[in-house]
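Some notes on the structure that comes next.
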Number of protein chains: 2
Amino acid sequence: MVAFVQHDHKRCKRSAMSAVKALCEERQLRLTPVRRRTLEILLQSHKGLGAYEVLAELASCGLAQKPPQVYRALGFLIEQGFAHKLEQQNAYVACCEPSSCINPCFMVCASCGRVAEQPVPRANKQLVAAANELGFAASASVIELSGLCNECPG
Amino acid sequence: MVAFVQHDHKRCKRSAMSAVKALCEERQLRLTPVRRRTLEILLQSHKGLGAYEVLAELASCGLAQKPPQVYRALGFLIEQGFAHKLEQQNAYVACCEPSSCINPCFMVCASCGRVAEQPVPRANKQLVAAANELGFAASASVIELSGLCNECPG
DNA sequence: TTATGCTATGTTATATTATAACAGCTATAG
DNA sequence: CTATAGCTGTTATAATATAACATAGCATAA
């Protein structure tokens, strides 16, 4: 869940993947081979992956060869909240809590590149309230912190 | 200051520009014609502008013709905190408080495209604190809200 | 079964955003 | 003046992303 902390990542991947499967059934969506593999590739990594890196992986197992294919798969995953885009990096990460995640905050380590996703309900409330006071009705947020994780000495 | 609210934008531009001039003297930086004009172009607009839109403007007054030129000018302005990049849009905006702005929040209207910049010290504190608890030392933040401004009916 | 429509995939081509690398110019300090 | 540090100009190309259209798979209802 938090990339910076020791954890059983296999378990973490399995649980995200099975949550996604369940959500797809619920929503009557097709978790096709490309989509599924794309998610697996993202789950594999604790860093954000560029679209073309994902494409290379997909290509290496014969599932896609052209940019539109990976962008479609990523688009599907993002629309459904199964993955996120890190806007700072033009990179993509799997969502670690696909069934409950809204407006998360991403922490990106400037040294090792690893990314952790964390809900920040209090900060979100602050932001939405501040925006409301200016007459702005916020419907989505991008929150990305950069800095150093606990394993990378400053 | 807040794009969504009626205000005397000429005054607003003049004040940002003179703050930048002062800061450049203070910091012994050269506010060259390209840099100055780039800032003017950004100040002109309440929306984020793409680098190539800025370049077109610069070209139309004979100040630059090639991408590296505009990216250099934007790089300078951003480094100095005189402008910001909207990561969601790959667009650039002038900073409205160049002498005091840190980790601002941007509100981007999904309908009219206008952008407002706002300091959010409380939310920033929340975020940094939440990150610290996970052992992450945050040094910079990107906070961008999208939604509807008060002039755009939902 | 077969027609129908919807969703997903495959492919070509191209748009958009951004940077590397190097040559030449200019302001300024010594 | 002249050395130098920092800007500027230019070529070329990298990296990211999408439009548009053709094809295939699948669900379902006549």
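Because the structure is predicted, anything quoted here is derived from the model rather than measured. Quick note on labels: first sequence line is chain A, next is B, and so on, each numbered from 1.
Counting non-hydrogen atoms under 4.0 angstrom, Phe76(B) reaches nothing in the nucleic acid. Across all strands shown, Arg35(A) has heavy atoms under 4.0 Å from sugar-phosphate atoms exclusively, and none from any base. When heavy atoms are screened at a 4.0 angstrom cut-off, Leu74(B) is found touching no nucleic acid atom at all.
In this structure, the nucleotide among dC7(D), dA20(D), dT18(D) sitting nearest to the side chain of Arg72(A) is dA20(D). Of the candidate nucleotides dA17(D), dC26(D), dA20(D), dC26(D) has the atom nearest to the side chain of Arg30(A). Closest approach to the Gln69(B) side chain among dC7(D), dA17(D), dG9(D) is made by dG9(D) (side chain taken as heavy atoms from C-beta onward).
Residues passing the salt bridge (charged side-chain N to carboxylate O under 4.0 Å, His left out) test with Glu151(B), sequence neighbours excluded: Arg114(B).
One can place CD of Gln89(B) at 14 Å from P of dT18(D), the figure rounded to the nearest angstrom. Between Leu86(A) atom CG and dA15(D) atom P the separation is 19 Å, expressed in whole Å. dT16(D) atom C1' lies 17 Å from atom CD of Gln88(A), rounded to whole Å. Atom CG in Leu63(B) sits roughly 16 Å away from atom P in dC7(D) (whole-Å rounding). In this entry the distance linking CG of Leu55(A) with P of dA17(D) reads 12 Å, nearest Å. Atom pair Arg27(B):CZ and dG6(D):P shows a separation of 17 Å (rounding to whole Å applied).
In 5' to 3' order, the nucleotides of DNA chain C bounding all contacts with chain A (an atom under 4.0 Å from a heavy atom) are dA8(C) to dT12(C).
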Subject >> side chain to side chain contact (heavy atoms under 4.5 Å, CB included) between Tyr92(A) and Leu77(A), worked out >> reply: CA-CA 10 Å; Tyr92(A) 301 85; Leu77(A) 296 173; over 6 Å; no
**OP:** List the steps, then state whether side chain to side chain contact (heavy atoms under 4.5 Å, CB included) holds for Leu23(B) with Glu26(B).
**Re:** CA-CA 5 Å; Leu23(B) 289 165; Glu26(B) 223 176 284; 4.2 Å; yes
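Rounded to the nearest 0.5 Å, atoms CG (Leu127(B)) and OG (Ser141(B)) are 7.0 Å apart.
Ion pairing between Glu25(A) and Lys21(A) fails under the 4.0 Å rule for side-chain N and carboxylate O.
For Tyr52(A) and dT16(D), the shortest distance from a side-chain N or O to OP1 or OP2 is not below 4.0 Å. For the pair Tyr71(B) and dG9(D), the criterion of a side-chain N or O lying under 4.0 Å from OP1 or OP2 is not met.
Screening Glu144(B), His84(B), Glu97(B) for a side-chain contact (heavy atoms from CB on, under 4.5 Å) with Pro104(B), the sole residue that qualifies is His84(B).
At least one donor-acceptor pair closer than 3.5 Å links the side chain of Arg27(B) to the backbone N or O of Gln80(B).
Remark on DNA chain D: of its neighbouring residues Pro67(B) and Ala64(B), the 5'-side contact belongs to Ala64(B), judged by nearest-heavy-atom nucleotide. Along DNA chain C, the nucleotide closest to Pro68(B) and the one closest to Leu29(A) are compared, and the more 5′ of them pairs with Leu29(A).
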